[in-house]
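Shown next, in structure tokens, is the structure this report addresses.
Given the structure is predicted, the values throughout are model-derived calculations rather than measurements.
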Amino acid sequence: MSGPGAASPLPAEFYARPADAVARSLLGCVLVAVTSADRTSGRIVETEAYLGPHDPASHAAERIGRTARNQSMYGPPGIAYIYRSYGVHWCLNAVTGHHDYPAAVLIRALEPREGIEVMRRRRIVDGMPLPDRALCSGPGRLTAALAITRALDGHPLDRPPLWIEAGEALADADVVCGPRIGITRAAEWPLRYRQRASPWVSRG
DNA sequence: GAAACGATTATCT
DNA sequence: GATAATCGTTTCA
């Protein structure tokens, strides 16, 4: 898509808010990734907020502090924080809040929009394609589908090759907020946001 | 130095 | 429902 009326990337100011507010606002926005050969994108249907040093589940919790891995979380709002999960998967976050304050929003699931055939090709394992439902329904799955790796850690999310555009905002009635997933500390904090009844979310 | 532990997923029972 | 894959960070000696 291009020309008049095309959605423009969200500015850094969009992210200069508490992580839970950004996590809610990102639902319905569109994540776009381009390579020299392909363009892939999807609507964000599930996010999770990691609030700051006082959030014990955060990679930058008080007890951990600044490390080589989480340095992007201390950068300016609107950049990517990408880390390796379980030594196997890449996970994408949008850094929020103000500079030097570590907070971020984990992008957990997308509804595929552009390049779904490219996503299918990227996820073929042993000749067996994944069902479309599984292409982007999880933080590790969507990075594989969009070819997002550590190389983009710290990348500003308002320009190629990876950016987020405003989408159609979701009404509060279409948003479900509940406990976070896959963590042991403060998992019960209601910081996971997802589109109600979307078949593209990671669980439920 | 050594060992345990994940903001997960695919595969097997 | 259980578990292997797989590696950087953190923790402990």
Side-chain angles (χ1 to χ4, degrees), chain A residues 15 18-24 26-27 31 42 44-75 77 79-97 101-110 112 119-155 157 162 164 176-194 199-204:
Chain A
Y15 303 94
D20 52 342
V22 176
R24 164 65 179 85
L26 277 175
L27 293 180
L31 177 66
I44 298 172
V45 295
E46 182 179 348
T47 59
E48 222 166 58
Y50 289 85
L51 298 178
H54 62 292
D55 183 345
S58 172
H59 286 171
E62 194 87 65
R63 70 179 192 284
I64 299 173
R66 195 167 190 148
T67 67
R69 173 174 70 162
N70 66 25
Q71 61 173 337
S72 288
M73 292 185 75
Y74 291 82
I79 68 172
Y81 164 49
I82 299 172
Y83 67 91
R84 189 82 124 155
S85 174
Y86 290 86
V88 184
H89 310 285
W90 298 110
C91 292
L92 169 69
N93 294 250
V95 173
T96 68
Y101 184 85
V105 173
L106 173 68
I107 310 298
R108 287 193 56 91
L110 305 174
M119 299 181 193
R120 293 193 190 107
R121 192 194 320 146
R122 286 173 177 159
R123 299 310 312 279
I124 289 176
V125 182
D126 292 333
M128 291 295 294
L130 279 180
D132 287 353
R133 195 64 51 84
L135 288 176
C136 297
S137 55
R141 289 169 169 175
L142 70 91
T143 53
L146 273 61
I148 296 168
T149 70
R150 182 74 185 256
L152 290 167
D153 186 39
H155 170 78
L157 292 170
L162 181 66
I164 301 178
V176 183
C177 179
R180 292 183 289 190
I181 285 186
I183 56 177
T184 54
R185 304 170 196 266
E188 68 282 2
W189 292 11
L191 296 174
R192 176 191 181 218
Y193 297 84
R194 60 193 190 277
W200 304 103
V201 300
S202 63
R203 298 187 205 178

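- Regarding A:Arg84, its CZ atom lies at a distance of 18 Å from the C1' atom of C:dT10, rounded to whole Å.
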Worksheet entry | Pair assignment for DNA chain C - dot-bracket with | for other-strand partners, Watson-Crick or G-U under 3.5 Å | |||||.||||||.
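- As judged by a 4.0 angstrom heavy-atom cut-off over every strand, A:Arg180 is placed among residues making no nucleic acid contact.
- Rounding to whole angstrom units, CZ of residue A:Arg69 and C1' of C:dT9 are separated by 6 Å.
- Residue contacts shown for A:Arg123 are limited to sugar-phosphate atoms, with no base heavy atom under 4.0 Å away.
- Only the P atoms considered, B:dA2 is 22 Å distant from C:dT6, to the nearest whole Å.
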Item to complete: Evaluate side-chain contact (heavy atoms from CB on, under 4.5 Å) for A:Leu110 paired with A:Ile44, printing each intermediate quantity in order.
Response: CA-CA 5 Å; A:Leu110 305 174; A:Ile44 298 172; 3.7 Å; yes
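- Inter-residue side-chain proximity for A:Leu142 and A:Trp200 is flagged as unmet; no heavy-atom pair is nearer than 4.5 Å.
- Closest-nucleotide positions on DNA chain C for A:Arg150 and A:Val88 were compared, and the one nearer the 5' end corresponds to A:Val88.
- Taking atom NE2 of A:His89 as the reference point, atom C1' of C:dA5 lies 8 Å away to the nearest angstrom.
- Counting heavy atoms from C-beta on, the side chains of A:Leu162 and A:Leu31 come closer than 4.5 Å.
- For A:Tyr81 against A:Asn70, the heavy-atom pair with the smallest separation is CE1-CA, 3.9 Å.
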Practice prompt. List the steps, then state whether side-chain contact (heavy atoms from CB on, under 4.5 Å) holds for A:Asp153 with A:Trp90.
Written response: CA-CA 10 Å; A:Asp153 186 39; A:Trp90 298 110; over 6 Å; no
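- Heavy atoms only, all atoms of each residue included: A:Ala186 and A:Arg180 are closest at O-NH2, 2.9 Å.
- The residue among A:Ala134 and A:Gly182 whose nearest nucleotide of DNA chain B is located toward the 5' end is A:Gly182.
- Scanning DNA chain B 5' to 3' for nucleotides with an atom closer than 4.0 angstrom to a non-hydrogen atom of chain A gives a first and last hit of B:dG6 to B:dA10.
- Between A:His89 and A:Thr143 there is no side-chain heavy-atom pair separated by less than 4.5 Å.
- Both A:Arg63 and A:Gly87 lie near DNA chain C, and the one whose nearest nucleotide falls closer to the 5' end is A:Gly87.
- Between A:Ser72 and A:Ile82, every side-chain heavy-atom pair lies at or beyond the 4.5 Å cut-off.
- With 3.5 Å as the limit, one finds no donor-acceptor pair spanning the side chains of A:Arg133 and A:Ser137.
- Distance noted for atom P between B:dA4 and C:dA4: 15 Å (whole Å).
- The residue among A:Arg141 and A:Ala57 whose nearest nucleotide of DNA chain B is located toward the 5' end is A:Ala57.
- Atom NE2 in A:His59 sits about 14 Å away from atom C1' in C:dC7, given to the nearest Å.
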